[in-house]
Visitor: 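Here it is, the structure, as structure tokens.
Values below: every heavy atom of this structure, side chains too, minus hydrogens, waters and symmetry copies. Protein chains get the first letters and strands the later ones, always in sequence-line order, with residue 1 at the start of each.
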Number of protein chains: 2
Amino acid sequence: MSRRSKLLETFRDLVLNEGERAATLDAVAATAGVSKGGLLYHFGSRAALVDALREHFEQLVTEDLERMRDEGHSPSSWYLRTTVDYSSELERTMAALVRIAPAQEGEVRDALRAARDRWHQAIVDEIGDEQMATVIILLGDGIAYNAELEGGVAGSDSRFAGDREVEHLEQIIAGLRTIRNA
Amino acid sequence: MSRRSKLLETFRDLVLNEGERAATLDAVAATAGVSKGGLLYHFGSRAALVDALREHFEQLVTEDLERMRDEGHSPSSWYLRTTVDYSSELERTMAALVRIAPAQEGEVRDALRAARDRWHQAIVDEIGDEQMATVIILLGDGIAYNAELEGGVAGSDSRFAGDREVEHLEQIIAGLRTIRNA
DNA sequence: GTCTATAGATAGATAGAC
DNA sequence: GTCTATCTATCTATAGAC
């Protein structure tokens, strides 16, 4: 991994683990084992770190949707199952952006909204039901929220954000679609 | 409203509107129209502001549950309908605590978890179905997440967090419970 | 209770050596 | 590309006048 990527990952993890306030240039540099000058060579300002994180997120979302399509996954199932994997790069990057969004100009929030709408559309295309698609998106957001509350443990079997929970959700959604299609 | 309450509210709104990073003692004092010394008389440190916000949240949750019970509301419906009202003191206080949670000791996260579990239990007591109760909690969390993404507009008719959306959710949940009870 | 003044630490960022 | 040194602004917090 390039040094630049390593620094961006360190920034992201500090935002997630210690909060936006603790993710200072000093902290990023020290955690990544580099001097502040070294960090500032790759990212000329703190805002540049945020920008790079957003750009990385947009790329990850595109890759996620491409992979979903190329491997022929069901969008609704794919969305719930990838959302629950809080250890993935996509989920961690998105969670970090959600944290810092209010302090940023509109671009970060725009990127988050755009990603949500792309997933929503993919699910609508699959199941042809706007409201059910919204339910699935909301459930995914709820899972992510609760995963964060538990400290973001990957593969957790928490009552609110575990693997088993997703299986229950899928059964419930399957039941729902049955009655709505009847 | 007491000056102390006014200052706490200002801190909370700064966290929500500008982010944790911008909610400094200087900013709180200036926004509330008081000097920094005046602020520090009421809250001896920044940590004291966070503590007071958490205590206020715990009290609001208790009042919310008492009101729900005393007025005889359906817990699942009450939860979804109060969650969508992003302008309420409870929702704003909770959202602010979610923002600052990672930077805090365990107490803030404990309070958030405890509140979630109290609402979950109330819904389980109503509908007698653990998994459906979890679905309702997750939908509520998803609504809150999306309300934040839209800037927390009260009474919004957003596709993801509006009043009409909650009516759809309630119809869907009602349908679900019908088939699960059959 | 509220203020001003100020201390001491830390923030983001620049300059220039290597 | 990475470092040290340093500047300036801002942050939390204290002291003490009113």
Visitor: So, are B/D70 and B/R67 salt-bridged, with charged N and O less than 4.0 Å apart?
Guide: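 No, B/D70 and B/R67 are not salt-bridged.
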Visitor: Would you name the heavy atoms of A/D85 and A/S87 that are closest together and state the gap between them?
Guide: OD1-OG, 2.6 Å
Visitor: Quick one: B/L7 CG to C/dC3 C1', roughly how many Å, whole number?
Guide: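 Interatomic distance, CG of B/L7 to C1' of C/dC3: 14 Å.
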Visitor: Closer than 4.0 angstrom, basic N to acidic O: yes or no for B/R109 and A/E150?
Guide: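 No, no charged N to carboxylate O under 4.0 Å.
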Visitor: Find the distance A/F11:CZ to C/dA11:P and express it as a whole number of Å.
Guide: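 Distance check: A/F11 CZ to C/dA11 P gives 14 Å.
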Visitor: Students often get this wrong, so: under 4.0 angstrom with heavy atoms, is B/S35 touching a base, only sugar-phosphate, or nothing?
Guide: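 Base: the residue B/S35, judged by heavy atoms under 4.0 Å, touches a nucleobase.
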Visitor: Output the rounded distance in Å from OH (B/Y41) to C1' (D/dA13).
Guide: 17 Å
Visitor: Which atom names give the shortest non-hydrogen contact between A/L65 and A/A122, and what distance separates them?
Guide: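 Looking at all heavy atoms of both residues, the closest pair is CD2-CB, 4.4 Å.
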Visitor: Quick one: on DNA chain C, does A/L40 or A/A27 contact a more 5' nucleotide (nearest heavy atom)?
Guide: A/A27
Visitor: Mind calculating the distance between CZ (A/R3) and C1' (D/dT2) to the nearest angstrom?
Guide: 8 Å
Visitor: Under 30°, 30 to 60°, or over 60°: which ring-plane class applies to A/F160 and B/H120, parallel, tilted or perpendicular?
Guide: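 Perpendicular: the ring planes of A/F160 and B/H120 meet at over 60°.
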Visitor: Run the salt bridge (Lys or Arg N to Asp or Glu O under 4.0 Å) test on A/E9 and A/R92 for me, step by step, so that the C-alpha distance in whole Å, both residues' side-chain angles and the decisive distance to 0.1 Å come before the verdict.
Guide: CA-CA 10 Å; A/E9 181 182 288; A/R92 292 183 72 74; over 6 Å; no
Visitor: Please confirm whether the backbone N or O of B/L60 pairs with a side-chain atom of B/D64, one donor and one acceptor, at under 3.5 Å?
Guide: no
Visitor: With respect to the side chain of A/D26, which nucleotide from D/dC3, C/dA11, C/dG1 is positioned closest?
Guide: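 Looking only at heavy atoms from C-beta outward on A/D26, the closest nucleotide is C/dA11.
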Visitor: Quick test: give all pairs of protein nitrogen or oxygen and nucleotides 6-9 of chain C nitrogen or oxygen below 3.5 Å, distance rounded to 0.1 Å.
Guide:
none

Visitor: I'd like to know if the side chain of B/R99 and the backbone of B/V15 have a donor-acceptor N/O pair within less than 3.5 Å.
Guide: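 It does hold such a pair.
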Visitor: Tell me the interatomic distance from B/R46, atom CZ, to C/dT10, atom C1', rounded to whole angstroms.
Guide: 14 Å
Visitor: Check the interface with nucleotides 15-17 of chain D: list each N/O to N/O pair with the protein under 3.5 Å, or write none.
Guide:
none

Visitor: Side-chain N or O of B/T24 versus OP1/OP2 of D/dC11: is the shortest distance under 4.0 Å?
Guide: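 For B/T24, the contact criterion (side-chain N or O under 4.0 Å from OP1 or OP2 of D/dC11) is met.
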Visitor: At under 4.0 Å between heavy atoms, what does B/R4 touch on the DNA or RNA strands: base, sugar-phosphate, or nothing?
Guide: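 No contact.
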Visitor: Between atom CZ in A/R21 and atom C1' in C/dT10, what is the gap in whole Å?
Guide: 11 Å
Visitor: What's the CG-P distance between A/L39 and C/dT14, to the nearest Å?
Guide: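 It works out to 13 Å between those atoms.
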Visitor: Taking 4.0 angstrom as the limit, do B/R81 and B/E170 come out as a salt bridge?
Guide: yes
Visitor: Rounded to whole angstroms, how far apart are CG on A/L25 and P on D/dC3?
Guide: 15 Å
